[in-house]
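Values below: every heavy atom of this structure, side chains too, minus hydrogens, waters and symmetry copies. Chain naming here is simple, since letters A, B, ... match the order of the sequence lines and numbering starts at 1 in each.
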Number of protein chains: 2
Amino acid sequence: MDFIKTTTERFQSAGLKITPQRLAVFKLFDGNKTHPTAEDIFSALTRDYPHISFTTVYNILKSMVQLGSLRELTIDRERIHYDPDTSSHHHAMCTSCGKIIDVMFQLPLPKIPKDLFEQFTVDFCHINFYGTCRSCQQKGK
Amino acid sequence: MDFIKTTTERFQSAGLKITPQRLAVFKLFDGNKTHPTAEDIFSALTRDYPHISFTTVYNILKSMVQLGSLRELTIDRERIHYDPDTSSHHHAMCTSCGKIIDVMFQLPLPKIPKDLFEQFTVDFCHINFYGTCRSCQQKGK
DNA sequence: TTTTTAATTTGTAGTCATTCCAATTTAAAA
DNA sequence: TTTTAAATTGGAATGACTACAAATTAAAAA
């Protein structure tokens, strides 16, 4: 399914307007696997919208998260990264350059300790891998 | 091994002094499974050290992390939680009350997708579970 | 097409966790 | 006991994110 179309429909169903700024953000996220931050989105928008406000960017991101078009990643303590792929998958972050890549796999349920479910109703689970990416390893000789 | 003793030795080996404030922080973390924040530690210290500074708390926490006596958790986007158990284990956070509990298990290496290791040298992996704890479920009827 | 109206954008100011810095105090070596 | 390098303190700064009020605008209604 097309990300822009789906997201547009979600906004309309929620009674939200399709503004040029919103559409521009939808386009920036379409097929985007770089896990951008609010700052990244803001910078990309300043080309076409020199007067764009940080508040606008944060508002749009918040709406997209609420409507299920974006997922917030907790992998980076410094800032929130956003992922337009809301399907169940995980991430690896390079501790040298900060790059985040997708890790497409499913934690097998039987592997999760049973006593967790006795104390807790688990809604979802995020696995964060930390290490060094190839290009940083080569740079570091 | 005793946490206070080990941590004290690490500080001394690194040429760092054992101040009353530092020892008090070591004691607060000894056997502590509540995953406190800097604020929690600060509050606990104000009883005995009414003039304790946030900078001191943060300095001590940073040294303890560097010396391997504490692990920083990335499970909560709002603030850093600290765990004196630096062994490989994972966490579950209640999205209602914020409580964090330990999840003692090891992700079986063969379960991790091979292509990750082709792009990445993995140093460590943190699994974060999110959901609702028993007491919050009961409160919420 | 024009009008209307509620929603959106914008800029500024505020919040909150965390860090920086310089002056004072202190652990612990001599 | 003296000395000194290191630690503590308080206040100010940083940086991501949020709140708010005024100006603008999407899009429904006329």
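Taking the nucleotide of DNA chain C with the nearest heavy atom to each of B:T19 and B:A38, the more 5' of the two is matched to B:A38. For B:V57 and B:R77, each mapped to the nucleotide of DNA chain D holding its nearest heavy atom, the one lying further toward the 5' end belongs to B:V57. For B:F54 and A:P20, each mapped to the nucleotide of DNA chain D holding its nearest heavy atom, the one lying further toward the 5' end belongs to B:F54.
In this structure, A:Q12 atom CD and D:dA28 atom C1' are separated by 13 Å, rounded to whole Å. Atom CZ in B:F26 sits roughly 11 Å away from atom P in D:dA7 (whole-Å rounding). Rounded to whole angstrom, the span from the CG atom of A:L61 across to the C1' atom of D:dC17 amounts to 11 Å. The CG atom of A:D40 sits 11 Å away from the P atom of D:dC17 (whole-angstrom rounding). Across the protein-nucleic acid pair, B:R22 atom CZ and D:dT9 atom P stand 11 Å apart, rounded to whole Å. Rounded to whole Å, atom P of D:dA7 lies 16 Å from atom OH of B:Y49. To the nearest angstrom, P of C:dC16 lies 21 Å from CD of A:E78. One atom, NZ of A:K62, and another, C1' of C:dT9, lie 15 Å apart when rounded to the nearest Å.
Between A:H51 and the phosphate of C:dG11, there is a side-chain N or O to OP1/OP2 separation shorter than 4.0 Å. The shortest distance between the side-chain N/O atoms of B:S53 and the OP1/OP2 oxygens of D:dT8 is not below 4.0 Å. Here B:Y58 does not reach the OP1 or OP2 of C:dT19: none of its side-chain N or O atoms lies under 4.0 Å away. One finds a side-chain N or O of A:Q21 lying less than 4.0 angstrom from the OP1 or OP2 phosphate oxygen of C:dT10.
Taking the ring centroids of B:F26 and B:F11, they lie under the 6.0 Å cut-off. A:H91 has its ring centre less than 6.0 Å from the ring centre of A:H35. Taking the ring centroids of A:Y49 and A:H51, they lie at or beyond the 6.0 Å cut-off.
In the model, A:H89 has a side-chain atom that pairs as donor or acceptor with a side-chain atom of A:D83 under 3.5 Å.
Judged by distance alone with a 3.5 Å cut-off, a donor-acceptor contact links the side chain of B:T55 to the base of D:dG11.
Comparing C:dT18, D:dA27, D:dT9 against the side chain of B:R79 picks out C:dT18 as the nearest. Closest approach to the B:N59 side chain among D:dT9, D:dA6, C:dT10 is made by D:dT9 (side chain taken as heavy atoms from C-beta onward). In the set C:dT9, D:dT25, D:dT8, C:dT9 carries the atom at the smallest distance from any side-chain atom of A:I60.
Cluster annotation: A:L107 is not connected to B:Y130 through the hydrophobic network of ILVMFWY side chains, with a link wherever side-chain heavy atoms come within less than 4.5 Å.
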